[in-house]
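Let me begin by presenting the structure, written as C-alpha cells, before commenting on it.
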Amino acid sequence: MPRNAAGRRAGGTDPVQVRSEETRNRILQSALRLFSETGYDATGVAGICGAAGVSKGAFYHHFETKQSVFLQLLEEWLQQLDRDLLAALGEAPSVVDGLLGMAARTHGVFSAADGRLSILLEFWAQARKEPVVWDRAIAPFRRYREVFAGIVRKGIEEGSLAPVDADKAAQALMSLAVGIILQGVLDPEGARWDRVIQDTIGMLVEGMGRKPS
C-alpha cells in the first residue's frame, strides 16, 4: 500500500497535502501583508519567500508568478463577498429586505478585507499596465452589475420595488458601493464606512421602493 494512502486511511488526512496547503497559505498571507505595506511593484518573489519562510522552489510549486498570487488574494476575497452578500439576499423575505441585509453585512466585508482594500488600489493601477490583470479586474464589476440588475428586476416583479430601469439602478448601487470602498481605502479613519454604505444604499433602496397607492 502506498505510504500516502496509508497515512490518509490511518489519520484521515494526507500529511504531505496538509504541509503543502500550509505552505501555500503562508505564501498568500505574507504576500498580502507585503502588497499592503510596500505595494505591488516593490514586492518581489524573494521578499515573499523570505517573509513566508519558504524556498523559491516551494513558491513556484504553488504559483507561477507574483501576479498569480496577487490575483488569488483578490479572488478569495471576492468569493467570500459572494457568500456573505448573496446569502443575505437568499435569507430575506423580499428583495428590499435582501438589499438592506446585504448593506448591513458590509461591516463583515470591511473586517474580512484586512489589507485587501488597499490592495484594490494596487490592483487597479496594475490593471492599467497589463491586459490580463485588466480582464480579471473588470470582470467582478460587470458581474455584480448584472447580479444587481437581476435583483432589481425580481423586486419589480414581486412588487416590492417600483418599476425603474433595472440596469441604471444596478449601476447606481455599484457606483455607491465602489465609491465608498475607495473612500475607505484613502481615508480609513474618516468615517464608519460600513455604516455609510448601509445608510446610502438604504436611502437608494427606499427611494426605489413601491409607494402605497
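Inter-residue side-chain proximity for Glu76 and Leu28 is flagged as met; some heavy-atom pair is nearer than 4.5 Å. When side chains are defined from C-beta on, Val147 does not count as touching Arg142, because their heavy atoms never get closer than 4.5 Å. A 4.5 Å side-chain heavy-atom check between Arg24 and Gln72 finds at least one atom pair inside the cut-off. No side-chain heavy atom of Phe63 sits under 4.5 Å from any side-chain heavy atom of Val45.
When every heavy atom of Ala172 is checked against every heavy atom of Leu204, the shortest pair comes out as CB-CD2, 4.0 Å. The two atoms that bring Ala191 and Val196 nearest to each other are CB-CG2, 4.1 Å, heavy atoms only. Annotation for Ile156 and Ala162: closest pair CG1-O, 3.5 Å, computed over non-hydrogen atoms. A pairwise comparison of heavy atoms in Gly202 and Leu100 identifies CA-CD2, 3.6 Å as the closest pair. Between Ala170 and Ala149 the shortest heavy-atom distance is CB-N, 3.4 Å. Scanning both residues, Ala58 and Ile27, for their nearest heavy atoms gives O-CD1, 4.2 Å.
Lys154 contributes atom NZ, which lies 11.0 Å from atom CG of Leu161 (distance to the nearest 0.5 angstrom). Residue Glu22 holds its CD atom at 11.0 Å from CD of Gln17, rounded to the nearest 0.5 Å. Atom OG of Ser68 is separated from atom CZ of Phe59 by 5.5 Å, given to the nearest 0.5 angstrom. In this structure, the separation between OG on Ser94 and CG on Leu99 is 8.5 Å, given to the nearest 0.5 Å. Taken from OH in Tyr60 to OG1 in Thr65, the straight-line distance is 8.0 Å, to the nearest 0.5 Å.
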Query raised in the report: Would Arg153 and Asp165 count as a salt bridge (charged side-chain N to carboxylate O under 4.0 Å, His left out) if you check the C-alpha gap in whole Å, the side-chain angles of each, and the deciding distance to 0.1 Å?
Result: CA-CA 9 Å; Arg153 292 188 186 98; Asp165 186 312; over 6 Å; no

Query raised in the report: How far apart are the C-alpha atoms of Leu32 and Gln29, what are their side-chain angles, what is the distance that settles it, and do they pass the side chain to side chain contact (heavy atoms under 4.5 Å, CB included) test?
Result: CA-CA 5 Å; Leu32 172 62; Gln29 292 306 310; 3.9 Å; yes

Query - Stepwise side chain to side chain contact (heavy atoms under 4.5 Å, CB included) check, Met102 with Phe148 - result: CA-CA 11 Å; Met102 291 170 74; Phe148 278 121; 3.7 Å; yes

Report task. Go through the steps for Val205 and Met203 under the test side chain to side chain contact (heavy atoms under 4.5 Å, CB included), then give the verdict. Result -> CA-CA 6 Å; Val205 171; Met203 291 173 61; over 6 Å; no

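Listed by chain and number, the residues in a side chain to side chain donor-acceptor pair (under 3.5 Å) with Thr23 amount to none (sequence neighbours excluded). Under the ring pair (Phe, Tyr, Trp, His ring centres under 6.0 Å) criterion, Tyr40 pairs with Phe35, Phe70, not counting sequence neighbours.
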Run the side-chain donor-acceptor check on residues 175-183: report pairs under 3.5 Å with partners two or more places apart or on a different chain.
unit_1 : atom_1 : unit_2 : atom_2 : d
Ser175 : OG     : Gln171 : O      : 2.8
Ser175 : OG     : Gln171 : NE2    : 3.4

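Within the 3.5 Å criterion, the main-chain N or O of Arg33 finds no donor-acceptor partner in the side chain of Ser36. Distance alone, capped at 3.5 Å, places no donor-acceptor pair between the Ser20 side chain and the Val16 backbone. Under a 3.5 Å cut-off, the side chain of Lys66 and the backbone N or O of Thr43 do form a donor-acceptor pair.
Between the side chains of Glu158 and Ser160, at least one donor N or O sits under 3.5 Å from an acceptor N or O.
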